[in-house]
Structure formats: C-alpha cells, structure tokens
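To keep things clear, I will list the structure first and then write my remarks on it.
Both backbone and side-chain heavy atoms feed into the values below; hydrogens, waters and symmetry mates do not. Quick caveat: nothing in here was measured; it's all calculated off a predicted structure.
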Amino acid sequence: MTSDFQTLRDFDFNNSTVYLWVYKNSERDIRFRTHYVQTDRELNDDFKSIANTELNRITEQSPYSPIAQVNESGCLALTCNDTDFDLLKTQVNRLETENRVTSVDQLKGTKGYVVKFIHNNITVYGVRRSSSSFQTKYNKSFINMMFSNGVLSGIQDNSFSIKKDFDFYVINNTIFIANKRGFETAIQYKTAYTDAFNQLKQTPAFLSLFTEIQPIDEYIGTNSMQLRRMTVVEMKGIYNNPNFLTSLQSVNNTRQWGINFDATSGRIIPCANTMQVILQILLDHRLISEVTSNMYDVPDATQL
C-alpha cells in the first residue's frame with residue numbers, strides 16, 4: 001500500500017487523459033450499470049485540478065477499519081479485494097464509444113461517477129457518489145454542468161452538478177479513502193456490516209459468551225456506527241482468547257464495571273445498562289494507563 005500511495009501522490013494528473021463514467025446500481029450480478037460521458041477540455045482541466053488540490057492535502061495514510069476516521073491531512077487505505085470495486089472497475093473499463101451517453105435523461109438518477117485519469121500506462125480512478133443528481137442553484141462546492149450535443153461542459157448556472165472532490169481514489173489494487181462516509185455509501189458498506197453482524201450472531205464462539213443474544217440485537221439495531229463496531233469486534237476476536245470469560249469476570253469484579261455473569265455457566269448476562277461497557281471490552285477499547293493508572297474508553301486504538 002505504501003508504494004501505491006507514493007505512486008498516487010506522484011501521478012501526473014496535468015498530463016493525463018480523462019474519461020468520465022456515471023453509474024447506477026443494478027440488481028444483476030454485474031452490480032453496476034455505467035455510461036461514458038464525453039467531456040470538454042475545460043471540464044477535464046477541472047477534474048485534474050480537483051485531484052491535484054486534494055492530493056496536495058493528503059500527505060499520510062492509515063489502515064482502514066470500520067471505526068477509523070479520516071484526519072485533515074490523511075486518508076484510509078485498503079485493498080480492492082475487500083470491496084466490490086472490481087465490479088465497478090470492469091464496467092468503466094469497457095469501450096467508451098460503445099457505452100456513450102446520448103441523452104441527458106441517462107444522467108438522471110445516477111448514484112455516482114468515476115473519473116479515469118490515464119498517463120504512462122497507469123490508471124487512477126477518482127470516485128464520488130452523487131449528492132444530488134440535480135441542483136437548483138449554483139454552489140461553490142459544485143461544478144455545474146450543461147449537456148449539449150453529447151458533450152458535458154462546466155458552467156456557472158445550470159442544473160447537473162459534480163462535486164469538487166472525490167470520495168476515494170483507486171490505483172493498482174489499493175483504495176485510498178478521502179471521505180469515509182462517501183466511500184461506504186458508494187460501495188454500500190452498511191450492507192456488508194449488517195451481513196457481518198448477522199454472521200457473527202451465528203458464530204458458536206461468540207454465542208457462547210452470553211446467556212441470550214436479544215439484548216445485543218436490540219442495542220446494535222440498524223445503527224451504522226454500532227454495526228461498524230460489531231464488525232471490529234469480529235475482526236479482533238479477542239473473545240477467542242483462552243479463558244477470556246474467566247479473565248473478564250475477574251477484572252470486572254476488581255474494577256467494579258457492573259457486568260453481570262450467570263453463576264452456573266459463567267456467561268455474560270447482557271442488558272441495556274451494561275451493553276456499552278460490554279461492547280468497549282469486546283472492542284478492546286477500555287484501556288488503563290500504566291503511568292497514571294487512569295482508565296479510559298477510547299473510540300479507536302492501534303496496537304503497538
């Protein structure tokens with residue numbers, strides 16, 4: 001990922017060839033329906049400027065996780081294998097001449113767009129979800145469009161709009177995320193989190209921790225952040241450690257965390273009052289400073 005990040009930052013956007021594709025979701029196995037949109041030189045220069053500005057800002061990367069956040073000078077990185085981007089990539093790598101937009105109606109209802117920058121046999125994909133297919137007035141954060149004679153042009157006061165940033169970039173097999181929420185919306189990651197939580201609830205090692213699963217179901221619900229946290233719980237899998245429940249019960253009694261355990265089975269008795277503490281422990285986010293002995297609940301942690 002480090003080499004791909006450097007290649008992305010060194011990429012010559014100014015001398016690249018630009019191709020704009022719009023996409024909609026599809027119920028078929030291909031997952032996306034795409035069309036190529038011919039653009040004029042001025043709009044292509046705008047796309048290059050957007051990429052240059054953003055990559056001048058992004059100077060560092062860190063690994064993606066469901067609860068990691070993008071800082072003001074960084075991005076999150078993960079491989080394409082962890083997403084369905086390759087399905088979108090296949091669709092936008094088709095011949096432009098055979099998949100060209102011929103009517104403005106084909107731009108309506110688009111879920112997002114991909115800008116391909118190609119130079120010296122290297123391709124960078126800039127991807128953004130559509131905030132809204134049509135805008136009623138000019139906004140400085142948008143490039144407004146006019147579709148005429150099969151060509152999309154940037155103007156100051158028309159309706160079809162493109163945002164002045166990208167949610168994420170793809171080079172080789174690595175995704176670099178500039179806008180996490182946009183990335184997860186474009187790739188529909190919430191669905192993946194929901195599926196992961198449903199699978200976790202069927203895992204014997206996880207189920208064996210609790211006397212019942214319903215309070216956990218009710219606490220997590222359909223909340224996006226809670227679903228992300230449960231994905232991290234599954235990824236870390238600290239509950240698989242030998243004697244996890246025995247160790248947890250001992251620390252719980254010493255620190256008086258208030259978690260209840262079944263006297264016979266030794267399992268956790270989950271309830272609404274203790275679910276927040278239980279989740280922090282399963283995330284391994286309840287930490288104690290060796291210097292001050294102070295205890296902290298942290299939103300995320302990187303193991304050293």
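At a cut-off of 3.5 Å, with distance as the only test, a side-chain donor of Glu60 or Asn71 sits close to an acceptor on the other residue. Counting only N and O atoms by type, the side chains of Asn173 and Thr79 include no donor and acceptor under 3.5 Å apart. Under 3.5 Å, the side chains of Gln226 and Arg229 contain a donor-acceptor pair of N or O atoms. A donor-acceptor pair shorter than 3.5 Å cannot be found between the side chains of Tyr169 and Asp4.
Counting only distance, with no hydrogens or angles, the side chain of Thr53 and the backbone of Ser49 share a donor-acceptor pair below 3.5 Å. Side-chain atoms of Lys236 come within 3.5 Å of backbone atoms of Leu283 as a donor-acceptor pair (strictly under, hydrogens ignored). Judged purely by atom type and a 3.5 angstrom limit, Ser208 uses its side chain to pair as donor or acceptor with the backbone of Ala205. Lys180 places a side-chain N or O within donor-acceptor distance of the main-chain N or O of Ala68, the cut-off being under 3.5 Å. Proximity of a side-chain donor or acceptor of Arg129 to a complementary backbone N or O of Lys111 within less than 3.5 Å is not detected. For the pair Lys48 (side chain) and Asn14 (backbone), a donor-acceptor distance under 3.5 Å is present. Checking side-chain atoms of Ser250 against main-chain N and O of Thr246 turns up no donor-acceptor pair under 3.5 Å.
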Problem set entry | side chain to side chain contact (heavy atoms under 4.5 Å, CB included) assessment of Arg9 paired with Gln61 | CA-CA 11 Å; Arg9 297 202 72 237; Gln61 58 153 329; over 6 Å; no
Problem set entry | Asn179/Val70 under side chain to side chain contact (heavy atoms under 4.5 Å, CB included): CA gap, chis, key distance, verdict | CA-CA 7 Å; Asn179 182 323; Val70 177; over 6 Å; no
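No side-chain heavy atom of Thr174 sits less than 4.5 Å from a side-chain heavy atom of Phe5. The closest side-chain heavy-atom distance from Trp21 to Val127 is not below 4.5 Å. Proximity of Ile216 to Phe197: side-chain heavy atoms (C-beta onward) are separated by under 4.5 Å at one or more points.
Both Tyr36 and Leu87 belong to a common hydrophobic cluster when Ile, Leu, Val, Met, Phe, Trp and Tyr are linked at side-chain heavy-atom distances under 4.5 angstrom.
With a 6.0 Å radius and a threshold of 12 heavy atoms from other residues, nucleotides or ligands, Arg57 has its CZ atom above the threshold. For Glu218, the CD atom is densely surrounded, since the number of other residues' heavy atoms within 6.0 Å is greater than 12. Arg255 CZ: 12 or fewer foreign heavy atoms inside a 6.0 Å radius.
Atoms CD1 and CZ, from Ile220 and Arg228 in turn, are 12.5 Å apart once rounded to the nearest 0.5 Å. Note that CG of Asp10 and CD of Gln6 are 4.5 Å apart. Values are rounded to the nearest 0.5 Å. Distance check: Lys116 NZ to Asn93 CG gives 4.0 Å after rounding to the nearest 0.5 Å. Here the straight-line distance linking atom CG of Asn172 with atom CG of Leu8 works out to 10.0 Å at 0.5 Å rounding.
A side-chain contact (heavy atoms from CB on, under 4.5 Å) with Phe206 is found for one member of Glu234, Met230, Gln199 and no other, namely Met230. If you run side-chain contact (heavy atoms from CB on, under 4.5 Å) between Leu78 and each of Phe183, Phe85, Phe168, only Phe183 comes through.
Using bins of under 30°, 30° to 60° and over 60° for the plane-to-plane angle, the ring pair Tyr113/Phe166 lands in the perpendicular bin. A perpendicular orientation is assigned to the rings of Phe11 and Phe117, their planes being inclined by more than 60° (bins at 30° and 60°).
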